[in-house]
Every structure is written in C-alpha cells, then in structure tokens.
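Below is one structure, written out as structure tokens; the observations come after it.
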Amino acid sequence: MNVAAKIVKKLPGVLAFQRRHVVTDALMYAEVNGDFEAYPLPVIRHGIRGTQNVNEDKSNATTGTAARGGQREISNIQITDSAKLDPLAEALVVRFGLRLLDIAEGLDSCVAADKVDGQVLRESLTNFVMRAKSSEGIMEVVRRYTRNIANGRWLFRNRTIASSIEILVDRNEQLLARFNALTLPMNRFDSYSDDECRVAEALVQGLRGESTDGITVTARITFGFRGS
C-alpha cells in the first residue's frame, strides 16, 4: 500500500509511451475483369463553386441589399478531393498492413525528480506488463481488434452502401482467414469464430514479443453495379 500511495502522489515529470501498432496506409484499387493491382484508384482534386449568404444591416440602403432581406451572395470556391472507380470496375479493393509490437518495450521515458520514485514506477509498470502478456485480458483485446477488422468497420461509408464485403487476412502470404463482413456484428464482442481466433492468435504473438510478423488485410467490396 505504501508503494502504491507513493506512485500516485509523485508521478514523474516525464512519462511517455510508444504506440504498439504499426499500420500502413490503406491502398484502394478498382477491380476490372478480376484484376485490381493494375488499377490503383486515383484521387482527383477539383474545385466546386458554392455560395454563402452574408447578413447586413437592413437600414443601410447604400448596399442595395435591403430589398432582398439584407442578404447578398458571395462566391465560395471550395477545393475538394474525390475518388471514383473505373466505369467498368466490378468491385473496390482496399488493402493495408498491420503489425503489433512487444508491449514490454512500450515505456519510452520515465523521468522523475526523485530517482527512486521513477525507478519504483518503472518497475511497477514492467511487472504489470509482464503479467498482462500471459493474461486472458490481452487475448480479449486482440479478439476485439480482429472482430473490427473482420466486420469491415474501418471501411466507413463504403461499408454502409456495400452489397457485399469479403475480407481476407494473410500472414507471410499464407491465408489465415476469410470473412463475410456484413454478417458480423459491429456492436457486440462475443461468439468469436475459429477464423477470428486464428487471426487473434497471430496478432497477440506480436504484443507478447513472440513474433515480428504482421498481417495483410484485403477487402473486396461490391456495390451492386459497375463503377461508383
């Protein structure tokens, strides 16, 4: 109890942790005649012209806007990005890589004015991490990661309008699992499938420092018609 009280009352001036997730950008492709790697999805920057109404003092007759309710239109040029599938595209393909790192190396800096306080906290955190590595809790964390990979939550609005989503998870170019994303819940974490448990086992090895291998996630999304 004395050690715990000392840690709570005298936190170090510098306490920093490194993230334990390495995630690549998600690359998007248009699948045409069963091939997608030859059709990367271009992002197009273009302008659109809108308007905005500006209220003015109705009593100011010199503006010439009083007759229109005290409003005038001002050109509002906006720059936006958009991405469209090829008109012949059969599906959208999205791919990214994920690797989890050893949580034992997560503590980056622990500097306290009192070196004893800093050392006590560092040892306490290290002991906690070592217990966490073999706990059921860390397995539940990676199972939840896997559920959110498998259900396509990360596809955002593309998931909302999709007619079908197939998600493949590979490790070292070997297929680990295949998911029908639209059949998996987004608001519940239970009843994990064998495929989800297999992916979770691969991910937890990274957090435990047992493996440096990552996974590759590929989603194939159809929208019920060609192009989009």
Side-chain angles (χ1 to χ4, degrees), residues 19 21-52 73 75-100 142-189 191-203 206 211-228:
R19 66 175 184 173
H21 304 68
V22 179
V23 186
T24 69
D25 291 337
L27 302 180
M28 296 185 173
Y29 305 88
E31 181 183 304
V32 180
N33 296 326
D35 180 26
F36 66 87
E37 291 189 341
Y39 300 91
L41 204 63
V43 176
I44 303 169
R45 177 162 292 180
H46 54 88
I48 59 174
R49 182 169 184 170
T51 61
Q52 54 180 314
E73 290 186 350
S75 179
N76 181 24
I77 304 299
Q78 303 170 34
I79 302 299
T80 184
D81 294 336
S82 65
K84 296 181 180 179
L85 292 175
D86 186 281
L88 299 178
E90 303 154 0
L92 167 67
V93 177
V94 185
R95 172 177 287 173
F96 72 93
L98 169 65
R99 179 185 165 201
L100 302 187
V142 293
R143 284 194 291 261
R144 293 188 178 207
Y145 286 164
T146 302
R147 170 63 56 88
N148 282 329
I149 290 171
N151 64 25
R153 180 189 296 272
W154 46 278
L155 292 167
F156 301 106
R157 68 182 63 180
N158 292 303
R159 187 188 194 280
T160 303
I161 63 176
S163 61
S164 71
I165 302 176
E166 181 183 47
I167 294 182
L168 306 178
V169 179
D170 299 294
R171 187 184 192 192
N172 295 330
E173 299 184 354
Q174 299 294 318
L175 182 65
L176 272 181
R178 184 190 305 267
F179 302 103
N180 180 349
L182 297 181
T183 65
L184 295 172
M186 298 180 65
N187 58 357
R188 194 176 72 247
F189 297 98
S191 304
Y192 300 105
S193 67
D194 290 342
D195 279 351
E196 287 177 299
C197 292
R198 186 158 48 251
V199 174
E201 183 59 38
L203 290 175
S211 173
T212 58
D213 295 331
I215 62 172
T216 301
V217 181
T218 305
R220 182 181 185 272
I221 307 104
T222 63
F223 301 102
F225 49 80
R226 285 180 178 266
S228 177

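Values in this document were obtained by computation on a predicted structure and should not be read as measured data.
The salt bridge (charged side-chain N to carboxylate O under 4.0 Å, His left out) search around Arg220 returns Glu31, not counting sequence neighbours. The ring pair (Phe, Tyr, Trp, His ring centres under 6.0 Å) check on Tyr192 picks up nothing, with sequence neighbours excluded. For the salt bridge (charged side-chain N to carboxylate O under 4.0 Å, His left out) test, no residue two or more places apart in sequence or in another chain qualifies with Arg19. Under the salt bridge (charged side-chain N to carboxylate O under 4.0 Å, His left out) criterion, Arg157 pairs with no residue, sequence neighbours left out. The salt bridge (charged side-chain N to carboxylate O under 4.0 Å, His left out) search around Asp170 returns none, not counting sequence neighbours.
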* Show your reasoning for whether side chain to side chain contact (heavy atoms under 4.5 Å, CB included) applies to Asn158 and Val94. => CA-CA 10 Å; Asn158 292 303; Val94 185; 5.8 Å; no
* For the pair Arg99 and Thr212, evaluate side chain to side chain contact (heavy atoms under 4.5 Å, CB included) and give the outcome as yes or no after the intermediate values. => CA-CA 8 Å; Arg99 179 185 165 201; Thr212 58; 3.6 Å; yes
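Separation of atoms CD1 (Ile149) and CD1 (Ile215) is listed at 4.0 Å; rounding is to 0.5 Å. Summarising the geometry, atom CG belonging to Asn172 is positioned 4.0 Å from atom CG belonging to Asp213; distances are rounded to the nearest 0.5 Å. Of the inter-residue distances, the one linking Thr146 atom OG1 with Leu203 atom CG reads 4.5 Å to the nearest 0.5 angstrom. To the nearest 0.5 Å, atom CG of residue Asp195 and atom OG of residue Ser193 are 5.0 Å apart. Once rounded to the nearest 0.5 Å, the distance linking OH of Tyr29 with OG1 of Thr218 reads 9.0 Å.
Shortest non-hydrogen contact noted between Ala219 and Ile167 is CB-CG1, 3.9 Å. Looking at every heavy atom in both residues, Ala150 comes nearest to Leu184 through CB-CD1, 3.4 Å. Between Leu85 and Ala30 the shortest heavy-atom distance is CD2-CB, 3.8 Å. Counting all heavy atoms, side chain and backbone alike, His46 lies closest to Ser82 at NE2-OG, 3.0 Å. Looking at every heavy atom in both residues, Arg171 comes nearest to Gly214 through CG-O, 3.5 Å. For the pair Ala162 and Ile221, the tightest heavy-atom approach, listed with the atom from each and the gap, is CB-CG2, 3.4 Å.
Looking at heavy atoms from C-beta onward, Trp154 lies out of side-chain contact with Asn148 at the 4.5 angstrom threshold. Counting heavy atoms from C-beta on, the side chains of Asn151 and Arg159 come closer than 4.5 Å. The side-chain heavy atoms of Leu92 and Leu155, taken from C-beta on, include no pair separated by under 4.5 Å. Inter-residue side-chain proximity for Val93 and Met28 is flagged as unmet; no heavy-atom pair is nearer than 4.5 Å. The shortest side-chain heavy-atom distance between Leu100 and His21 falls under the 4.5 Å cut-off. Side-chain contact between Glu90 and Asn33 is present, with heavy atoms from C-beta onward closer than 4.5 Å. In this structure the side chain of Glu196 reaches within 4.5 angstrom of the side chain of Arg147, judged on heavy atoms.
Within a 6.0 Å radius of CG in Asp25, no more than 12 heavy atoms belonging to other residues, nucleotides or ligands are found.
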Only distances under 3.5 Å count here; give the side-chain donor-acceptor pairs of residues 174-181 to other protein atoms, sequence neighbours excluded, each with its distance to 0.1 Å.
from	atom 1	to	atom 2	distance (Å)
Arg178	NH1	Glu166	OE2	2.9

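With respect to the salt-bridge test (charged N to carboxylate O, under 4.0 angstrom), the residues Arg95 and Glu37 qualify.
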